[in-house]
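Heads up, the thing below is written out as C-alpha cells.
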Amino acid sequence: MDFKQAIAAALSTPAGLPAEELYTWLETPRSPEMGDYAFPCFKLARTLKNAPPAIAAQIAASIVLPQGVAKAAQAGGYVNFFLDKAARAKAVLERVFDEGERYGGSDMGKGRNVCIDYSSVNIAKPLHIGHLPTTVIGAALYRIYNHLGFHSVGINHLGDWGTQFGKMIVAFKRWGDRDTIEQGGVDELVKIYVRYHQESDQNPALDDEARAWFKRIEDGDAEALELYEWFKEITLKEVAQAYDILGIRFDSYAGESFYNDKMGRVVDELKEKGLLKLDQGAQIVDLSDYKMPPCIILRSDGATLYATRDIAAALYRKDTYDFARCLYVVAYQQDLHFRQWFKVVELMGYDWAKDLVHVSFGMVSGTEGAFSTRKGNMVKLRDVLSAACEKTYDIICEKSPDLEDKEVVAKQVGVGALVWNSLYNGRIKDVVFDWDLVLNFDGETGPYAQYTHARACSVLRKADYKPGAVDYARLTDAESSAVIVAIGAFPDAVVEAMEKNEPYLVTRSVMNICTAFNKFYYEQRIMTDDAAVRQARLALTDATRRVIAVGLGLIGVAAPERM
RNA sequence: GCGCCUGUAGCUCAGCUGGAUAGAGCAACGGCCUUCUAAGCCGUAGGUCCCGGGUUCGAAUCCCUGCAGGCGCGCCA
C-alpha cells in the first residue's frame, strides 16, 4: 500500500492532471505537524484560473480520501494530507517483518550485471588512508546493487604492471632478503624500492638493469616471473587482511598485467574504424570535436597507455559479464581521463559506452596538506584501523566492563566508525584526514548507529520479546510515528543510492532512524505495564533494530548486539 | 589560458530534478542517569546560503557574469 501513490491518484480528478505527474509534485512537509504529504497548488493557478489558496481549499474540501489517509487540510497554497497513523504503522512494520533482511530491497535489477571497479591496489605498495574511499564506496555499492536484485561483479584492477617491477627485482637482488620480506611484507618491499631510487640517482646504470629485468618479465623469463609473482603474492596476502577486516571480497583481480595481450585488439579495431591518427609520433584519437584533448592510444615508441588498457578492460568486461553498468570508483583527478576514453568507446560504435560511469570521489589529504610518500606523512590504513580499534577497546572497558568478546566488539565498532565516516557525506567532498575527527564517536557516527542497534537489542532481550499480534493504534504518538516514518523512508533511500551511486544516502537514512529511535526510547517507556502498548513498542523496537542492521550491512558496518 | 568540481552556522556537512519560518553533528554554554545501554536525550547561542544580475507567483536550489579554493589539461597511472 503506497499512500503517496493513492493520494496522487485521488488528486487526479480535482487537479485535472494524470496521477503520475502529480506524484512528482507531492512533497514532504518540513514538520510532521504540517502533515505527511503536501500538495502545492501554485502551478494550478493558471489553468484553473484561481488563487492557489482557493484551489487548495477547494481540493481539501472535495477530495475523496484514499484508504489510510485521515485528513486533507488547506494551508496557504498547499493541501496537506495527514495519514492515519495506525494504518501507516501497520503498513510499514508489516513490510519490515515480512521482508526481514531483504527490507528495502527488490528485484528491479534482476538478470542484470553491474561491474564495480574499486580499490585497485598497487603491487608492492602499502594500503594507505587514501585507499579507504574507493574501497568502502565500491564495497557499499556492491552490496546496494545486490540488494536491489542486480548481480554485482567486484573487480580489483591491480596495478601490477610497469617498469617499477624491473626496479624491484634489481633492488631485491642487491639489497633484499627473502626471509626479511616474507616476515616484514610490503613495508620491506617499499624499503628496498626507496633505496633503489636513492642509489639510481647516483648510478643511472641501475635503470638500464631494471629495464632489462622488466623485459625479462615481459618475455616470460622464469626467474623474473618467479620474483614478480612473489611480490604480488606478498602484497595480496597483506591487503587481504585489510579486506578481511573490512568484510570485503572481490570476484576478480584481473589487473593491468591481465590485459597485456588484449590491447592489440583495441589498436587494430581503432585503426579499422579510422579513429587512429598519427600525431607527433603517437597514435591518438582526436577529440577536439568534443572539446577534449586527444586520447593517446600508443606512445611514439609504440607502447600502450593507461587509456588503451582501460578500453581493453571495458571490452573484455562487456564480453565476459555483459554488464548493464560498469562503475569506476576512482578519484576525481582522473575525470578527464575517463571522459576521454568513454568517448573513444562511444566513437567505436558501442552504444554501451553510456553504461560506463566514473564514480568519482574527493581526495584525502592531511591536516598538513597533501599526503605524499616523499614527505613521509602517509597514514597507513593498518595504523588507522588499529588506532580506532584500540580506542574503542578503551571505551568499552570504561563503559561496559562486563562485556564479553571485548576485542571482537572493539574491532566491529572501531572499523565501523571509519567506514561510516567515509560513507557519511557525498562522494565529491574532499576529506582532510584528522585523527580527532576519525576517533570521535559522538554524534553522527558509526558507533552512534551501532549503539542504537545494541540498545534496541538490549531491550528486546530484557523483555524476552516474542513476536505476536500488534495493536498498531498504540503506535500513534509523535515519537513512535517519527520512527515509523524514518523506517518507511529507507527503501527509497536505497534505490536513490543506487541510482546516484551515492552510498551516503543509505548512511543518512540509517542515521535518521537512529535519531528518531533514541528520542522515542527516551520519551516513551517501552516496557510499560500495559501489555498491548508494551507489545506494540517492542514490535517497533524490533523493526528498528532489523532495519538498522540491514542499513549497516549495506554500507559495510557491523551491527553488534551488545557494546 | 582552457576545462571539470566545490563554495550553506566558528568547524565538518545535509538540503540543490525550484515551494511554507534554511537543517544536523562537532566545538561552546546550561539541564537530564534510585526506569528499558548517558557512545544517549533536551535546551541556549550561532547564518549577507561567496558577490552581482536574470528567469519565476516563488530561488540556497535553474541561467549568465564575476570572486575564492581544489583538480586536470599528449606520450605516468
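Lettering of chains follows the sequences in order, A, B, ..., and the numbering in each one begins at 1. None of these values were measured; they are calculated from a predicted model. Values below: all heavy atoms of this structure, side chains included; hydrogens, waters and symmetry mates excluded.
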Kindly indicate, with the supporting measurements, whether the criterion ring pair (Phe, Tyr, Trp, His ring centres under 6.0 Å) is fulfilled by Tyr316(A) and Phe258(A).
CA-CA 10 Å; Tyr316(A) 174 83; Phe258(A) 179 80; 5.0 Å; yes
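- Within the 4.0 angstrom heavy-atom criterion, only backbone atoms of the sugar-phosphate kind lie near Leu305(A); the bases stay farther away.
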Could you go over nucleotides 70-72 of chain B and give all protein N or O partners under 3.5 Å, atom names and distances?
unit_1  : atom_1 : unit_2    : atom_2 : d
rG70(B) : O2'    : Tyr332(A) : OH     : 2.9

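- Judged by distance alone, the side chains of Tyr253(A) and Asp160(A) never bring a donor and an acceptor atom under 3.5 Å apart.
- Between the P atom of rG40(B) and the CG atom of Asn518(A) lies a distance of 8 Å, rounded to the nearest Å.
- Nucleic acid contact class of Ala45(A) (heavy atoms, under 4.0 Å, all strands): none.
- Rounded to whole Å, the distance from OH on Tyr448(A) to P on rA39(B) is 12 Å.
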Under 3.5 Å, N/O pairs linking protein and nucleotides 57-60 of chain B:
unit_1  : atom_1 : unit_2   : atom_2 : d
rC57(B) : OP1    : Arg46(A) : NH2    : 2.9

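- Minimum atom distance to the side chain of Pro447(A) is reached by rA39(B), of the listed rC42(B), rC13(B), rA39(B).
- A cation-pi contact, defined as under 6.0 Å to the ring centre and within 45° of the axis, is absent between Lys167(A) and Trp213(A).
- Among the protein residues, Asp301(A) comes within range of no part of the nucleic acid, since none of its heavy atoms lies under 4.0 Å from any strand.
- When rounded to the nearest whole Å, the span between OH of Tyr393(A) and P of rA39(B) equals 18 Å.
- Counting non-hydrogen atoms under 4.0 angstrom, Glu256(A) reaches the backbone sugars and phosphates but no base.
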Using the side chain to side chain contact (heavy atoms under 4.5 Å, CB included) rule, take Gln164(A) and Tyr193(A) through it: C-alpha gap first, then chi angles, then the decisive distance, then the call.
CA-CA 9 Å; Gln164(A) 70 268 29; Tyr193(A) 188 67; 3.4 Å; yes
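- Taking the syn range as angles within 90° of 0, the glycosidic angle of rC33(B) is syn.
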Atom pairs, protein N/O to nucleotides 24-33 of chain B N/O, distance under 3.5 Å:
unit_1  : atom_1 : unit_2    : atom_2 : d
rA24(B) : O2'    : Glu444(A) : OE2    : 2.2
rG25(B) : O4'    : Glu444(A) : OE1    : 3.4
rG25(B) : O4'    : Glu444(A) : OE2    : 3.1
rG25(B) : O2'    : Glu444(A) : N      : 3.4

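- Of all nucleotides present, none satisfies the Watson-Crick or G-U wobble test against rU17(B) with each distance under 3.5 Å.
- Pair check for rU34(B) finds none; no Watson-Crick or G-U wobble contact set falls under 3.5 Å.
- Taking a pair to require two hydrogen-bonding distances under 3.5 Å in either a Watson-Crick or a G-U wobble arrangement, rU61(B) remains unpaired.
- Of the inter-residue distances, the one linking Ile297(A) atom CD1 with Ile311(A) atom CD1 reads 4.0 Å to the nearest 0.5 angstrom.
- Under 4.0 Å is where a charged nitrogen must lie from a carboxylate oxygen, and between Asp117(A) and Arg317(A) at least one such pair does.
- Comparing Arg455(A) and Gln280(A) by the nucleotide of RNA chain B that holds the closest heavy atom to each, the one mapping nearer the 5' end is Arg455(A).
- As judged by a 4.0 angstrom heavy-atom cut-off over every strand, Gln524(A) is placed among the base-contacting residues.
- Nucleotide rU12(B) has rA24(B) as its partner under the Watson-Crick or G-U criteria, with both atom distances under 3.5 Å.
- Using the six-membered ring where Trp is involved, Tyr328(A) and Phe342(A) have ring planes that are tilted, between 30° and 60° apart.
- Residue Asn421(A) is classed as having no contact, given no heavy-atom separation below 4.0 Å to the nucleic acid.
- Regarding contacts with the backbone of rG7(B), a side-chain N or O of Lys429(A) is found under 4.0 angstrom from either OP1 or OP2.
- Rounded to whole angstrom, the span from the CG atom of Leu505(A) across to the C1' atom of rC13(B) amounts to 14 Å.
- A salt bridge does not link Asp394(A) to Lys391(A): none of the charged side-chain nitrogens sits closer than 4.0 Å to a carboxylate oxygen.
- Pair check for rG47(B) finds none; no Watson-Crick or G-U wobble contact set falls under 3.5 Å.
- Within 90° of 0 lies the glycosidic angle of rG74(B), which makes this nucleotide syn.
- Taking atom OH of residue Tyr328(A) and atom P of nucleotide rA77(B), one finds them 16 Å apart after rounding to whole Å.
- Whole-Å rounding puts the Lys500(A) NZ to rA14(B) C1' distance at 12 Å.
- The side-chain hydrogen bond (donor to acceptor under 3.5 Å, both in side chains) contacts involving residues 411-422 of chain A comprise nothing, where partners must be two or more places apart or lie in separate chains.
- Judged by closest nucleotide on RNA chain B, Gly76(A) is the one of Gly76(A) and Cys514(A) placed further toward the 5' end.
- For the pair Lys343(A) and Glu346(A), the salt-bridge criterion is met [side-chain N within less than 4.0 Å of a carboxylate O].
- Taking a pair to require two hydrogen-bonding distances under 3.5 Å in either a Watson-Crick or a G-U wobble arrangement, rC71(B) pairs with rG3(B).
- A salt bridge is absent between Arg534(A) and Asp529(A); no separation between the charged side-chain nitrogens and carboxylate oxygens falls under 4.0 Å.
- Between the C1' atom of rA77(B) and the NE2 atom of His131(A) lies a distance of 12 Å, rounded to the nearest Å.
- Of the candidates rA20(B), rU6(B), rG74(B), the closest approach to any side-chain atom of Asn80(A) belongs to rA20(B).
- Contact annotation for Leu460(A): no contact, since no heavy-atom pair falls under 4.0 Å across all strands.
- Taking the six-membered ring for Trp and thresholds of 30 and 60 degrees, Tyr228(A) and Phe165(A) have ring planes more than 60 degrees apart, a perpendicular arrangement.
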For residues 330-337 of chain A, run the donor-acceptor check on the side chains, cut-off 3.5 Å, and write out each pair with its distance to 0.1 Å, sequence neighbours left out.
unit_1    : atom_1 : unit_2    : atom_2 : d
Tyr332(A) : OH     : Asp430(A) : OD1    : 3.0
Tyr332(A) : OH     : Asp430(A) : OD2    : 3.2
Gln334(A) : OE1    : Tyr306(A) : OH     : 2.4
Asp335(A) : OD2    : Arg339(A) : NH1    : 2.7
His337(A) : NE2    : Asp310(A) : OD2    : 2.8
His337(A) : NE2    : Trp341(A) : NE1    : 3.3

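- Judged as a side-chain hydrogen bond (donor to acceptor under 3.5 Å, both in side chains), and not counting sequence neighbours, the contacts of Asp477(A) are Ser480(A), Gln524(A).
- Of the candidates rU12(B), rA20(B), rC36(B), rC36(B) carries the atom nearest the Tyr521(A) side chain, counting heavy atoms from C-beta on.
- When heavy atoms are screened at a 4.0 angstrom cut-off, Ala38(A) is found touching base atoms of the nucleic acid.
- For rC36(B), neither phosphate oxygen OP1 nor OP2 lies less than 4.0 angstrom from any side-chain nitrogen or oxygen of Lys462(A).
- Residue-level contact check: Gly426(A) touches the backbone only, with heavy atoms under 4.0 Å from sugar-phosphate atoms and none from bases.
- Put simply, OH on Tyr504(A) is 18 Å from P on rU12(B), counting in whole angstrom units.
- At a threshold of 4.0 angstrom between heavy atoms, the contacts of Glu561(A) include nucleobase atoms, whether or not backbone atoms are also involved.
- Comparing rA39(B), rC4(B), rC36(B) against the side chain of Arg339(A) picks out rC4(B) as the nearest.
- Ionic pairing of Asp464(A) and Lys466(A) is present here: one or more N-O contacts between side-chain nitrogen and carboxylate oxygen are shorter than 4.0 angstrom.
- Val432(A) comes within contact range of no nucleotide atom at all, as no heavy-atom separation falls under 4.0 Å.
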